[in-house]
Number of protein chains: 2
Amino acid sequence: MSDQKTDRRIIRTKRMIRDALTDLMEEKGLEGFTVKDLTEKADINRGTFYLHYQDKYDLLEKSENEIIEEMYEFLKEINPDLINQSGLQNEPLPFLVNLFENIEKNARFMKLILGPKGDPAFQVKLKQFMKINFLGKIMEKSNNESLSVPIEQLIAYVTSAHLGVIQQWLNSGMQQSPREMALTLLKITFYGPAHIAGIKKDLNF
Amino acid sequence: MSDQKTDRRIIRTKRMIRDALTDLMEEKGLEGFTVKDLTEKADINRGTFYLHYQDKYDLLEKSENEIIEEMYEFLKEINPDLINQSGLQNEPLPFLVNLFENIEKNARFMKLILGPKGDPAFQVKLKQFMKINFLGKIMEKSNNESLSVPIEQLIAYVTSAHLGVIQQWLNSGMQQSPREMALTLLKITFYGPAHIAGIKKDLNF
DNA sequence: CGTATAATGGACATAACGTTGATTAATGAC
DNA sequence: GTCATTAATCAACGTTATGTCCATTATACG
């Protein structure tokens with residue numbers, strides 16, 4: 001007997017459901033449609049949906065997790081050192097380029113899910129992903145003397161900043177290449193936003 | 001006859017509904033409860049709810065907008081210069097302190113609505129608020145020569161970073177005072193995340 | 001006190017939900 | 001190509017939530 005994961009009927013059904021999900025999220029946002037709408041758009045029986053997912057939110061979460069998983073596999077492929085935590089913490093560029101390439105691959109869905117009608121939980125997942133896989137490691141290898149800010153706050157600052165730029169990129173039509181975006185983020189993070197903006201004024205702390 | 005906005009019955013009903021909203025969002029998240037749950041918790045008739053709000057999302061949006069409005073009024077009070085766009089762009093500190101004080105005032109609701117089960121649209125509103133009222137102005141007064149990054153990306157970076165630190169602050173029990181938080185954000189933004197983390201390495205762009 | 005109106009209680013039709021069982025159709029293994 | 005397996009369909013079910021309605025009661029305000 002065939003594996004559940006390779007049965008063409010299942011693959012096809014799931015693909016149609018997810019395509020319909022993207023369409024409907026684009027049209028009306030996550031709360032704007034019902035399971036019935038979804039199965040009609042996907043052109044499958046409503047009961048079939050419940051054969052694979054518990055509800056709308058279960059579908060969404062599984063779709064999200066697959067994307068994160070996909071990103072992780074892709075990252076591991078390019079950077080096998082990732083498992084053994086050595087090296088490469090010094091070289092965030094390839095990580096960032098990979099990240100943007102992955103996002104670009106799923107651009108339509110990513111834009112929706114990271115948008116104002118998307119899923120805030122996915123933002124958390126994506127920040128967590130960046131933290132674990134590179135941003136956290138980079139920020140943590142600090143000379144503790146100079147670190148006058150709690151590490152968790154610093155990480156929150158950087159991961160959220162990155163997420164925000166990703167969102168801005170998606171919403172403005174992805175004009176720049178993944179590499180350009182990665183370089184931009186590195187520049188701001190290393191030189192500092194104020195310096196990039198050309199603000200010289202000293203702060204009177 | 002009395003004004004609709006000052007009738008004690010209306011005030012009371014709305015207050016009970018919003019208290020119940022906070023409770024239920026805390027317990028089950030926005031999608032985890034129904035209007036019936038809400039009105040039972042608020043101890044009012046279900047029909048009464050529809051006298052004031054169209055549905056759950058209408059309630060949420062109106063609650064959000066009132067908070068933003070409240071913040072704006074508070075900011076204007078402290079900084080009347082805000083209307084005429086002069087001065088004070090150089091002094092972001094009081095703006096940030098005010099912001100954190102306002103968030104602290106509505107801490108319970110803010111934590112929920114900015115959390116993983118909250119409303120992503122509110123994040124957009126809050127970033128917009130920061131952009132319009134101070135962060136945008138600060139970032140825009142750049143010497144254009146040194147600005148090698150599109151201004152919109154820079155603003156996205158900074159506003160999102162600020163939002164992320166606010167979220168982290170709310171989720172870790174608000175250990176620091178509004179003033180401490182404001183200073184932390186200024187430090188990171190002006191010196192740069194990498195510098196704060198003590199990373200010296202030059203980038204090979 | 002008297003008027004205005006907010007809130008209640010009950011009912012209604014409509015729609016979505018999640019599940020079930022019998023049936024049909026497609027798949028993969030041999 | 002046959003056959004056993006199982007995915008998908010179809011129709012139906014009870015349950016629950018939705019949004020609206022109206023007659024009635026209770027409260028607020030002048």
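Note on naming: letters A, B, ... go to the chains in the order of the sequence lines (proteins, then strands), and numbering restarts at 1 for each one.
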In whole angstrom, what separates B:Ile11's CD1 from D:dT27's C1'? 15 Å

Whether B:Thr13 contacts C:dA7 is assessed here as follows: a side-chain N or O lying under 4.0 Å from the phosphate OP1 or OP2. Is that the case? yes

So what does A:Thr48 touch, heavy atoms closer than 4.0 Å: a base, only the sugar-phosphate, or nothing? base

How many Å lie between CG on B:Asn45 and P on D:dT27, as a whole number? 14 Å

Classify the angle between the aromatic ring planes of B:Tyr72 and B:Phe129 as parallel (below 30°), tilted (30 to 60°) or perpendicular (above 60°). perpendicular

Over 60° means perpendicular and under 30° means parallel, so tell me whether A:Phe100 and A:Trp169 are parallel, tilted or perpendicular. perpendicular

Identify whether the distance between the nearest side-chain nitrogen and carboxylate oxygen of A:Glu40 and A:Arg46 falls below 4.0 Å. no

Candidates D:dT9, D:dT18, C:dG18 - which lies nearest the side chain of A:Ile44: D:dT9

Earlier contact from the 5' end, DNA chain C, for A:Gln54 and B:His52: B:His52

Any idea which of D:dA28, D:dT18, C:dT19 is nearest the A:Arg46 side chain? C:dT19

In terms of side-chain geometry, is the basic nitrogen of B:Arg108 or B:Asp19 positioned less than 4.0 Å from the acidic oxygen of its partner? no

Rounded to whole angstroms, how far apart are CG on B:Leu51 and P on C:dA7? 6 Å

With no angle test and no hydrogens, is the base of D:dT27 tied to the side chain of B:Arg8 by a donor-acceptor pair under 3.5 Å? no

With hydrogens left out and only the distance checked, is there a donor-acceptor pair under 3.5 Å joining A:Arg9's side chain and the base of C:dA26? yes

Separation of atom CZ in A:Phe49 from atom P in C:dA16, rounded to whole Å: 14 Å

One thing to verify: whether B:Glu66 and B:Arg18 come together as a salt bridge, which I'm taking to mean a side-chain N less than 4.0 angstrom from a carboxylate O. yes

Between C:dT8 (C1') and B:Tyr50 (OH): distance, integer Å: 16 Å

Rounded to whole Å, please give me the gap between CG in A:Asp55 and P in C:dT19. 10 Å

Whole Å only: how far is the NZ atom of A:Lys56 from the P atom of C:dA16? 11 Å

Closest to the B:Asp7 side chain, choosing from C:dC17, C:dA6, D:dG19: C:dA6

Expressed as a whole number of angstroms, how long is the span from B:Leu38:CG to D:dT18:C1'? 14 Å

